[in-house]
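What you see is a predicted model, and the numbers here were worked out from it, not measured in a lab. Counting starts at 1 for both ligands and their atoms, following the listed order.
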Amino acid sequence: MTTGPGRTPFEQLGGEENVRALVESFYDAMDAHEPALAKLHQLDEQGRVSRRARDRFAMFLIGWLGGPQYFIEQVGHPRLRMRHAKVPVDVAMRDAWVRTMRRAMDQRGVNGEVRGFLETKFAEVADFLRNKAE
Ligand code: HEM
């Protein structure tokens, strides 16, 4: 993967199609390996994390990484802590979330500079969203 000054993480990942594919891999891995985490989400009739939840996270991630601001345009300010206030985020759920994102990045072949950047950012935000002591 070529990198250079001024390239956003969104560009380094290869744009919208690749970010959406990463999000699908993320929730598919959650469905397959982290049932306790998946169950906190809205599920569809097949018991998989819903299309709505997938699309909202994809819109957010695209903007957060430097792409088009769909989430802000269509939903509003991210206010992530507020949006997770009703979700019990303890250490186990934080770690399950981060583990699931690692699986998804492995599966999509996210490597190099952008991988290091994302590992750090996701770990920080997941801990920032923790709202239970343990
Ligand atoms: C740390 C553990 C986390 C847990 C347990 C968690 C759980 C959830 C749940 C249950 C929802 C609601 C989904 C639904 O509509 O059914 C949600 C939405 C969302 N999460 Fe997380 N999340 C976590 C971490 C993160 C992180 C690290 C980010 C950002 C990098 C993030 C971004 C979002 C966004 C943007 C939404 C959509 C908000 C909305 O629909 O208004 N979450 N999350």
Which residue holds the protein heavy atom closest to [atom], what is that atom called, and what is the gap in Å?
atom                    : result
atom 36 (C) of ligand 1 : His84 CE1, 4.3 Å
atom 1 (C) of ligand 1  : Val89 CG1, 3.6 Å
atom 10 (C) of ligand 1 : Leu40 O, 3.2 Å
atom 29 (C) of ligand 1 : Phe60 CE2, 3.6 Å
atom 5 (C) of ligand 1  : Leu37 CD1, 3.5 Å
atom 3 (C) of ligand 1  : Trp97 CD1, 3.3 Å
atom 16 (O) of ligand 1 : Gln42 N, 2.8 Å
atom 38 (C) of ligand 1 : Arg83 CD, 3.5 Å

In this structure, would [X] and [Y] fall into the same cluster of hydrophobic residues linked by side-chain contacts under 4.5 Å?
X      : Y      : value
Val87  : Phe57  : yes
Leu80  : Phe71  : yes
Met101 : Phe128 : yes

Minimum-distance pair of heavy atoms, taken over all atoms of Ala123 and Val98
CA-CG2, 4.3 Å
If every non-hydrogen atom of Ala53 is compared with every non-hydrogen atom of Tyr27, which pair is closest and at what distance?
O-OH, 4.0 Å
Proximity of [X] to ligand 1 by residue part, where a heavy atom lies under 4.0 Å:
X     : answer
Leu80 : side chain
Val98 : neither
His41 : both
Arg52 : side chain

Under the salt bridge (charged side-chain N to carboxylate O under 4.0 Å, His left out) rule, what do Arg102 and Asp106 come out as? Steps first, then yes or no, please.
CA-CA 6 Å; Arg102 282 211 189 97; Asp106 285 347; over 6 Å; no
Electrostatic pair Asp127-Arg94, nearest N-O below 4.0 angstrom
yes
When you check the gap from the basic side-chain N to the acidic O, do Lys39 and Asp31 get nearer than 4.0 Å?
no
Distance filter under 4.0 Å to [X] heavy atoms, resulting ligand 1 atoms:
X      : answer
Val87  : 5 (C), 7 (C), 9 (C), 10 (C)
Arg56  : 39 (C), 40 (O), 41 (O)
Ala126 : 1 (C), 27 (C)

Have a look at Phe10 and tell me which of Leu65, Asn18, Val114, Leu61 forms a side-chain contact (heavy atoms from CB on, under 4.5 Å) with it.
Leu65
Against ligand 1, does Met101 come closer than 4.0 Å with any heavy atom?
no
Could you tell me whether Arg103 sits above the aromatic face of Phe26, with NZ or CZ closer than 6.0 angstrom to the six-membered ring centre and within 45 degrees of the axis?
no
